[in-house]
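Nothing here was measured: the structure is a model prediction, and the numbers come from that model.
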Amino acid sequence: MHEVIICEKPTSAQKIAQALDSKAKMQKYNKKVKYWELNHDGKDITIVSAVGHLYSLTPDNPKDKVYFDLHWAPLYEIDKKSKAYTRDYVNAIKKFAKGADSYIHACDYDIEGTLIGYTALKYACGEDSLNKASRMKFSTLTKKDLLDAYENRIDIDMHQVDSGIARHVLDYYFGVNISKALISSVSKAKSRYLKLSAGRVQTPTLSILVDREKEIKDFVPEPFWILKALLENDIVAEHVDGKIFDPERAEEILSKCRGKDGSVDKIKLSNSTTKPLVPFNLGGLQAEAYNVFNFSPKKTQTIAQNLYTAGYTSYPRTSSQKLPESLDFKNIFNGLKNNKEFKVHIDQLPSKLKPNEGKKEDAAHPAIHPTGILPDKLDKDELKVYQLIVYRFISVFFEAAKFESMNTTVNIADELFSFKRRRVTHKGWMEHYPYRSIDNEEFPDVKEGDTIAVEDIISEEKETKPPARYNQASLIKELEKRELGTKATRADIIAKLEDRKYISGTKIEVTQLGENIIDTLKEYCANLTSEELTREMELKLEGIDEDKSSKEEVIDEGKKEVITILDDIGKHEKEIGSKLYDSYQETNIVGKCSCGGNLIKRYSPKTKSHFVGCTNYPECTVAYSLPKGARFLKKTCEKCGLPMISFGRKPPTHACLDPNCGKDKTKTHNPEVVGKCPECGKDLVKRSGRYGDFIGCKGFPKCRFTASVDELDSILKNS
DNA sequence: GCAAGGTC
């Protein structure tokens, strides 16, 4: 009897192999793909693994205008470049699953996991395999849970499968088709290709940002006053009313207190503790790396994945803030101790290892933690993230930090002012987590009843501030809260919005294009801009899960809705397209042209490079080529007023957008002819470029012959 | 060319 077990990812395959047979043998297919051969209760078992989804939806006919007829195809066929690696996994499954007597579906127990195993069985092992398949249901990868799941296998939950399929189909129907409609509106109106998109997650995310933008725009600041007493020994005390919105009241306090001395009214001493921070889940790590190192969530995620693949840290796509004892903390610390800097901290650990945990849980994985295997080679940024993970892990086992606070109230002419001091009495975990500053202020030497000299009373006028813009880390938190996207996709969603030029900046601002996308979609498919669609879909999918509605019904309803939306958009195509394109142009404005038009950054598909041109083209032919990777600086050239750019590395060059700025313009318009082009026979001319003078062909861009000035003599001789 | 989801 031969049994095949299919897992979602190689790490869980390994855990299952070890749980079933401590002598399980890991082997490799095509030098890359791991699989395991073992014996459990006298049965020969092969364990193979997927790498997440191996199959994805694709249109039956890619030439269709609208995509409603879809089928499942291997990912490596759909995305030939970035998913090429999945081919070996599919082939391995095909090879080892052939002719097995029974199959076990052992992917993660959630909708996507169920679908991953289902498509792997159906399309890689053959439809018949589903008749011989059972399902392992486990929520942790501990030996006990896995053995339990193996012994008590259940049937594959077809409602779960259908609900997963419906999710994929609906996301495709809405996302791809509406994106296509937006793109086509621009192409109809302006004959230009503009990559635009909309989707169940990205559009509500953009909408959140637009709402915040509106709140900021509509915000009416209100003035208020803070009154401060400048006391002896550089102590500053603030009036206990805090923000004072009534200017007369502020004036009253000021005139009442000026020139008077104060007396210490009350001193309140109190103690407080600060518990250790909680273990990292992916969102937590992304937020901390953003705040401490300014790393984008996407960058942190990539680094965490690399550290995991290399074996230095645990599985990164977890939402858990818990560290179960089964992780064998002692063993991890023993490994980490081989690093001198870590050892200093580990040696001070309490004998009883009990971590401070957070509330969030994850069915399949614990919080992110080091494995105890020390890395030998990491680049600068990887090392930063690795150390952050290690120190956070160590610090959660220490005791709380203790603080002593002194809150002093000073009476000046019957008005109360107060000041606070806080000092650390026991550093606890904070001594082992070097990414937080520790309050340690000196307590001034005063006691109740003391007279205290007042040097001045000042009134500071301030105003209330609008809500802050989101940054990438706080936006991810917001998406978590609203349950939009998943822990694995949130960073990508934000990167996508940036790529589409819907948003920009570290303090995220929505561009005019982003605003117009939301305006347009609100008009034609309001469902997509709110979280409604997600909620609605969830309910319907749950319906499938609970056998209340069929997959077909839910998909058909979605199809009808999309058809109506596309119809509406089609009726106003040109209007929508021009509005979107014009606002896109705006996002690329880099400065003013001398003709009065705007200078915009554009892309030339012919030369595959960016350049700057004027919006009045073809009447105005002003154009400047851009060096690779050029960024626009926030200043303009002192000589000509054009924007300044920065390009190159170490150190970057800062220069005027016009490479000929300050040079004799007649030269560039009437370049000196120095000979004939050896490639096309046209005139060779002397040109000046960003990096100095060079020889170019007048036949440019058809002929791309160039040479340095020094090479000129030998070129002319040879031809 | 377009989504969102899983994973290396």
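A/Lys496 comes within contact range of the sugar-phosphate backbone alone, with a heavy-atom separation under 4.0 Å but no base atom that close. Heavy atoms of A/Gln305 sit under 4.0 angstrom from at least one base atom.
Under 3.5 Å, the side chain of A/Lys487 and the base of B/dG5 form no donor-acceptor pair of N or O atoms.
Aromatic ring centres of A/His572 and A/Tyr524: separated by under 6.0 Å. Close placement of the A/Tyr123 and A/Tyr55 rings is indicated, their centers lying within 6.0 Å of each other. Here the two rings, on A/Phe138 and A/Tyr109, have centers that are 6.0 Å apart or farther.
With B/dG6, B/dC2, B/dG1 as the choices, the nucleotide that has an atom nearest any side-chain atom of A/Tyr67 turns out to be B/dC2.
A/Thr489 places no side-chain N or O within donor-acceptor distance of the main-chain N or O of A/Gly485, the cut-off being under 3.5 Å.
When rounded to the nearest whole Å, the span between CG of A/Leu194 and P of B/dC2 equals 12 Å. As a whole-Å value, the separation of A/Tyr89 OH from B/dC8 P is 7 Å.
Side-chain nitrogen and oxygen atoms of A/Arg500 include at least one within less than 4.0 Å of the OP1 or OP2 phosphate oxygen of B/dA3.
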*State the dot-bracket string of DNA chain B. Criteria: Watson-Crick or G-U wobble, both atom distances under 3.5 angstrom; notation: ( ) intrastrand, [ ] crossing earlier pairs, | interstrand, . unpaired.*
........
